[in-house]
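Note sheet for the following structure.
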Protein chains: 2
Amino acid sequence: MGARRGLTDAALDRASPVPLYYQLAENLETAIRSGSLSSGSHLENEIELARQLRVSRPTVRRAIAVLANRGLVIRRHGIGTLVVPVRVRRPVRLSSLYDDLTEAGQAPTTRLLAYEVVPAPLDVATGLQLSGETRVLHFERLRLASGQPISLMRNFVPLALKEVVTEEGLKLTGLYRLLRQSGIHLRLASQSIGARSPRPREARLLKLGPGAPLLTMRRISYDDAGQPVEYGSHIYPAERYSFEMSVVADSRT
Amino acid sequence: MGARRGLTDAALDRASPVPLYYQLAENLETAIRSGSLSSGSHLENEIELARQLRVSRPTVRRAIAVLANRGLVIRRHGIGTLVVPVRVRRPVRLSSLYDDLTEAGQAPTTRLLAYEVVPAPLDVATGLQLSGETRVLHFERLRLASGQPISLMRNFVPLALKEVVTEEGLKLTGLYRLLRQSGIHLRLASQSIGARSPRPREARLLKLGPGAPLLTMRRISYDDAGQPVEYGSHIYPAERYSFEMSVVADSRT
DNA sequence: AGAAACTAGTTGTCATGACAACCTGACCTC
DNA sequence: GAGGTCAGGTTGTCATGACAACTAGTTTCT
């Protein structure tokens, strides 16, 4: 049966700077998402896969580990690796609302409501690990998708980033994109999701009634070096927004 | 200086069934959380660590990978591994509310409001991948922590689990614990977090005013084999509950 | 016929070895 | 003094080899 391939179609490029295990992981992921690896089916076993692709078994294992982490496959000791029979969607990645929207095909627009330098409020100062009354850059944005307000975002960043996070930049694109363009890679964030009722100003801006519930998210992001980069306090109309995520259990438990 | 140790204190047990890398990861985690590895400091480098603990470097790397995944350390190519200078809290694990509460030292109690077999509603049937009007086990629980209602939980599980998920079991402990005791290991879940206002019955049960916002969570859990096991639709009073999580970016991006 | 023991196949763990890529700081040159 | 260059140290990647642990099915024994 000559149709056994499908994995080896997109061959691995040993000259590429992209690691082999990662190339393999991406090939497998596209194979799964495109359906050429049908749901619920077994993956070829690791040793055979390694032989076919001419890589070592640890490399194959590492590629599969990436997929398992993303919730696309499940490994079972003594059994094999099976393709998850469901489309479990985006894990809550370290992504911005802007990215999420553009990916979803919506063209988000931004209204910049505030852009100023202020003394850091207490919770912001502790969150960003700044001493006392350090001054920080504060800005507030209203994000609209297809004309409808979908989020009111309040952010604080250290003053050093004033040249990176410019007024013009914020109007045109997302915060995370601005940071990335300046070589700042966010690596880690801790966030908290809750709910509350809107204050009058918020209800007006988001075009909501006074009783309509809001989703709230507070997030502190850290860069490669572990330095806190951004403190965000955002609200979303619950009727137009929800957080989707997939959770994978530790393999040991 | 004899105080250099601290890692080797809790020695590795080669006879234990727990893998070496995992023992090491746990030792490091406790060292970090207890503060004996101070925030922002470098970890000993991998080769030295391997030498001291008499394990191979891949084993050390794997242990550190676990920590990096949990957001406790950050690895930097050419630099080293540093302890994240913040207490970033629990990732939204695949854990139950019951486990979370007992871990937090609260003694949760449960009131079982419903326990019955019903035809599966449409969304439940599709979520659990059941055909048509299959019958499922439905139950509803009110969870209290220190006397206060903290969650109203509605669940559906396939009828095959009726012997596992018993009325008595639900009154005494959590759903996930019941499943685990029967050898069912949840491996993956997709969940959605939103907010809305309570219905009258919900407000009464949770002791809330009609305007008080609720957090909602819908979750479908899958076991080792990728079979859907549980459909849950839960609500939490926003003033008493929030979701905390840490998000780690893919190392390659 | 039923239960226990065995076997084949798979993933899980661990070791060793080697080289590449990367960052920092010191040194040297201009 | 400013800039580039180099060396040392670190993590990143990959290969090979070996054995353990687990699962499911088959065979054998009672």
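Remark: P of D/dA24 and CG of A/L82 are 11 Å apart, rounded to the nearest angstrom. Atom CZ of B/R51 and atom P of C/dA15 are 15 Å apart (whole Å). Atom CZ in A/R75 sits about 12 Å away from atom C1' in C/dT13, given to the nearest Å. B/E46 places its CD atom 17 Å from the P atom of C/dG17, with the value rounded to the nearest Å. Between the C1' atom of C/dG12 and the CG atom of B/L20 lies a distance of 12 Å, rounded to the nearest Å. Atom CZ in B/R54 sits about 16 Å away from atom C1' in C/dT16, given to the nearest Å. Between A/N45 atom CG and D/dA24 atom C1' there is a gap of 16 Å when expressed in whole angstrom units. When rounded to the nearest whole Å, the span between NE2 of B/H42 and C1' of C/dT24 equals 10 Å.
A residue-by-residue look at A/V55 and A/H77 shows that A/V55 has its nearest nucleotide of DNA chain D further toward the 5' end. Toward the 5' end of DNA chain D, the nearer of the two residues B/I64 and A/I79, judged by each one's closest nucleotide, is B/I64.
Note on B/R14: a side-chain N or O is less than 4.0 Å away from OP1 or OP2 of C/dA15. Proximity of A/Y21 to the phosphate of D/dC14: no side-chain N or O atom is located under 4.0 Å from OP1 or OP2. Look at A/R61 and you'll find a side-chain N or O under 4.0 angstrom from OP1 or OP2 of C/dG12. Listed pair A/R62 / D/dC14 fails the phosphate criterion, with no side-chain N or O lying under 4.0 Å from OP1 or OP2.
Listed nucleotides: C/dT11, C/dA15, D/dA15. Nearest to the side chain of A/S56: D/dA15. Distances were taken from every side-chain heavy atom of A/P19 (C-beta onward) to each of D/dT10, C/dC14, D/dT13; the shortest belongs to D/dT13. Of all nucleotides listed (D/dT11, D/dA15, C/dT24), D/dA15 comes nearest to the side chain of A/T59.
B/R76 comes within 4.0 angstrom of sugar-phosphate atoms only, judged by non-hydrogen atoms across all strands, and of no base.
If you take OH on B/Y231 and NE2 on B/H138, they are separated by 11.0 Å, rounding to the nearest 0.5 Å.
When all heavy atoms of A/P228 and A/I220 are compared, the closest pair comes out as CB-CG2, 4.4 Å. When all heavy atoms of B/R135 and B/L159 are compared, the pair lying nearest together is O-CB, 3.8 Å.
At a cut-off of 3.5 angstrom, the base of D/dG12 holds at least one donor-acceptor pair with the side chain of B/R57.
Between the side chains of A/D13 and A/Q23, no donor N or O sits under 3.5 Å from an acceptor N or O.
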Assess the residue pair B/R75 and B/R61 against the criterion (side chain to side chain contact (heavy atoms under 4.5 Å, CB included)); give the C-alpha distance rounded to whole Å, side-chain angles, the decisive distance to 0.1 Å, and a yes or no. CA-CA 10 Å; B/R75 324 184 68 163; B/R61 278 183 66 75; 3.3 Å; yes

